[in-house]
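Input: a single structure, listed below in structure tokens.
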Amino acid sequence: MSQIDLSLLNKEQLEPVMQTEGAVLVTAGAGSGKTRLLTYRIAHIVQNLNIPPWNILAITFTNKAAREMKERLSHMLYNHEQLHVSTFHSLCVTILRKYIELTGEYTKSFSIYDESERKKVIKSVAAEICSDKKDNLTEQIDAALSTIKNEGISLDDYRDIHKFEYHIDDIVLAVRKYNEILKKSNALDFDDLLNFAFDILVQYQEAREFYQKRFKYIHVDEFQDTNIIQYKIVKILAGRHKNILVVGDEDQSIYGWRGANIGNIRDFISDFDCKVYKLEQNYRSTKSILNAANAVIKNNESRIKKNLWSDGEEGQEPQIVSNNSDSDEAEFLARTIKGLNNKGMLLNNIAVLMRNNFLSRAPEQKFMFYGIPYKMYGGFRFYERREIKDALAYLKILANPFDTESISRVLSFPKKGIGEASIAKLIDSAFRQGVSPVDIILGLINENSSQTYDLPNSLIKKLQPFAKKIELLVDCKEMSISALIRLVYKTFEFNEALSAETEENESRKENLKELYNSILQIEKNNPALSLDEYVQQIMLYSDLDADKTSDSVTIATIHSAKGLEFDAVFIIGLEEGILPSSRSIDDESAVEEERRLMYVAITRARKRLFLSYVKSRFMYGKYNSAPISRFLKETGIYFHEFSVQKTMAKHSEYADFSSRIRQNSVSSANSNYKFNKIENLIKHSIDIKLLKAGSKVMHKRLGEGKIISINYSTNEADVEFNNMGKVTLSISLAPITIIE
DNA sequence: GTGTTGAGTATTTTT
DNA sequence: TACTCAACAC
């Protein structure tokens with residue numbers, strides 16, 4: 001491959017790209033091309049300076065960002081495979097897999113406990129310490145654990161700092177017990193991954209030198225969102241070559257609640273003798289969008305002033321949209337998006353952004369109703385679904401037979417007549433004898449040995465048939481992962497357990513199938529992947545890879561939309577109590593973080609921006625009214641008090657789906673759509689040529705209907721539904737099939 | 001040990 | 001609304 005052409009970079013971007021030696025801090029405003037800077041710098045170091053890709057480390061904040069960066073680099077470098085581009089958490093898993101056995105306390109097939117497993121352990125610890133008022137204790141233990149692990153302070157120091165607190169001794173004890181349980185289970189939580197990796201780098205010279213020598217050039221993206229322990233890791237990794245570049249933007253720091261420490265930027269300046277560069281030219285948004293963003297963020301007091309500018313077009317003024325209810329808001333979204341789409345904007349270039357997950361409900365329903373394909377980021381995550389966790393638990397106990405949370409799942413699903421108390425006995429017996437719970441279960445196959453485990457006979461009877469199945473599974477451990485998961489479904493009779501004909505069960509079976517398919521996919525891409533690596537990796541991924549092939553609208557929380565950009569962005573729920581969230585409203589620094597969220601949301605937009613609030617929103621089972629978000633006022637955009645109809649009329653791109661959809665039939669579209677995959681819809685959609693007036697069709701939710709007329713230029717048809725009346729549907733999108 | 005019911009409560013945000 | 005948790009019945 002030829003030299004990397006750096007002429008596409010502007011002067012501000014070029015300088016830090018060329019400054020490869022030593023420490024570099026880049027403060028990069030939103031949309032100023034920091035990803036471009038990072039990828040070109042890495043490509044430049046490898047291609048133009050002839051540094052082996054093996055020597056490069058790039059740390060991103062999310063898996064999505066890592067994937068994207070790898071993707072871009074794959075077009076620039078032929079030997080990109082050897083670059084290490086990953087999140088902090090996966091970097092730490094890599095380090096731990098290589099070196100954790102030096103500690104003698106864990107094996108490299110350790111389990112990773114996610115938030116729900118962590119919560120369960122905390123709860124059990126709280127219950128053990130004091131059975132009354134444990135609710136409060138649970139929260140306190142949770143808080144203590146996260147402070148200790150995010151800030152990397154010792155338990156003793158924590159006790160000193162909080163020595164006057166009421167329950168401090170209980171909390172310290174609980175933290176000890178929590179860590180004890182995880183250790184016995186050969187398990188680490190997300191924070192442990194960082195802390196243990198750091199400890200290993202500190203304590204074992206071999207490990208430290210290996211990575212210090214290897215990573216000659218280190219890059220950290222989203223530096224404003226690193227926490228204290230992450231910064232410590234960066235510092236120790238860069239300890240030898242000291243070639244490190246960090247990119248960040250204070251105004252986009254939105255993870256304070258997770259321990260992100262803006263002070264890291266200051267510390268970086270004093271810890272390293274670093275050069276500082278600024279990127280202030282925005283290439284993404286129109287001037288009018290940028291103006292709104294700047295107008296909002298300048299209200300933050302604690303902030304270094306900067307001047308984000310653009311020499312692009314003025315563009316259309318962002319629009320403030322008012323609606324009576326969340327369902328009207330969603331109606332507005334559907335129609336406007338359809339209108340933009342009709343005018344040629346790809347759905348892929350459109351996003352609906354919101355403060356929290358529950359706001360997605362109304363838009364999802366409307367999009368389903370109108371057959372607008374969408375993908376949802378954040379929210380219900382695939383690997384967090386019950387049935388998926390249940391299935392994976394069987395694989396996890398093969399990888400790590402000490403994983404008590406998975407053991408308890410395996411014993412609970414499918415139902416075997418074994419309850420919580422029995423599970424506790426089994427695990428306790430294993431701990432006492434220093435063997436794994438799986439060993440105990442397998443031991444029960446030989447009836448004679450049952451005496452030694454001191455378990456009640458009734459329980460042993462229940463466990464024995466199960467033990468045989470587990471033995472079969474263990475014997476097949478060397479098979480491929482996909483074969484194993486099939487064996488699990490079959491041997492443990494998942495289908496039978498989900499045979500009751502409910503919608504819920506159908507969707508569970510569907511998801512289990514999808515899990516199997518995803519494993520096939522992963523095996524194809526990575527044939528050498530071992531079982532324990534697979535279950536570790538899966539824990540760091542929140543979702544299956546989004547389907548890139550279909551054109552669909554993005555619905556996302558603002559947090560998960562960070563780093564993305566779209567032609568058109570709709571920010572919904574701009575009401576006090578939502579953005580800013582009710583929990584932050586009386587804490588000025590919390591409000592500033594909320595304001596940064598607003599800023600991040602606005603700066604996702606390239607061309608069009610819609611800011612939406614409603615007069616009354618359905619939440620907690622009733623309608624609530626809240627004042628308009630202060631941030632909306634801060635944008636300085638002229639405030640039109642639209643009525644819904646006027647709003648609609650004002651938008652030329654507003655699509656008229658149907659002249660007369662009866663309002664009540666529209667709002668009768670009910671819930672339970674959330675597990676339906678948009679792919680299903682697409683599979684069901686049909687070719688317009690197959691339709692004619694008079695055809696009978698079946699709509700996935702609207703039921704049976706008859707085509708009245710077809711508009712071939714817009715690809716839409718008027719359909720008379722038996723129980724809905726007349727509805728205009730997009731033929732290529734609506735979930736319909738021809739029945740006659 | 002499991003399943004049902006009713007009360008009470010909750011929605012930030014993610015690796 | 002929709003979910004969790006405790007109490008109670010079997």
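Here is how names work: the chains are called A, B, and so on, in the same order as the sequence lines, proteins then strands, and each is numbered from 1.
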- request: Give one of base, sugar-phosphate or nothing for A:Gly621, where a contact means two heavy atoms less than 4.0 Å apart.
  value: base
Ranking B:dA10, C:dC5, C:dA2 by distance to the side chain of A:Arg361, first place goes to C:dA2
- request: Measure the acute angle between the ring planes of A:Tyr255 and A:Trp257, then classify it against the limits of 30° and 60° as parallel, tilted or perpendicular.
  value: tilted
Rounded to whole Å, the CG-C1' distance (A:Leu459 to B:dG1) equals 11 Å
- Can we call the ring centroids of A:Tyr541 and A:Tyr383 under 6.0 Å apart? no
Whole-Å distance, A:Met619 CE to B:dT9 C1', equals 13 Å
Output for pair (A:Ser422 OG, A:Ile460 CD1), nearest 0.5 Å, gives 11.0 Å
request  = Would you classify A:Lys622 as touching base, sugar-phosphate or nothing, given that sugar-phosphate means primed atoms plus P, OP1 and OP2, and contacts are heavy atoms under 4.0 Å?
outcome  = nothing
Taken to the nearest whole Å, NZ/A:Lys425 to P/B:dG1 is 6 Å
One thing to verify: whether A:Arg118 and A:Asp142 come together as a salt bridge, which I'm taking to mean a side-chain N less than 4.0 angstrom from a carboxylate O. yes
Taken to the nearest whole Å, CD/A:Glu139 to C1'/B:dA10 is 12 Å
Rounded to the nearest 0.5 angstrom, the CG-NZ distance for A:Leu96 and A:Lys108 is 12.5 Å
When rounded to whole Å, the CD to C1' distance for the pair A:Glu420 and C:dT4 reads 14 Å
Those residues at least two apart in sequence (or on a different chain) that pass side chain to side chain contact (heavy atoms under 4.5 Å, CB included) with A:Asn179 are A:Leu145, A:Lys149, A:Val175
Under 4.0 Å, counting only non-hydrogen atoms across every strand here, what does A:Ile418 touch: a base, just sugar-phosphate, or nothing? sugar-phosphate
Pairs under 3.5 angstrom, nitrogen or oxygen only, protein versus nucleotides 13-15 of chain B, please.
from	atom 1	to	atom 2	distance (Å)
B:dT13	OP1	A:Asn357	N	2.7
B:dT13	OP1	A:Asn357	ND2	2.9
B:dT13	O2	A:Trp257	NE1	3.2
B:dT13	O2	A:Arg355	NH2	2.5
B:dT13	O2	A:His559	NE2	3.4
B:dT14	OP1	A:Thr557	OG1	2.8
B:dT14	O2	A:Arg258	NH1	3.0
B:dT15	OP2	A:Ser542	OG	3.4
B:dT15	O2	A:His89	NE2	3.1
B:dT15	O4	A:Glu115	OE1	3.4

How would you label the contact of A:Ser584 with the nucleic acid (heavy atoms, under 4.0 Å): base, sugar-phosphate, or nothing?
nothing
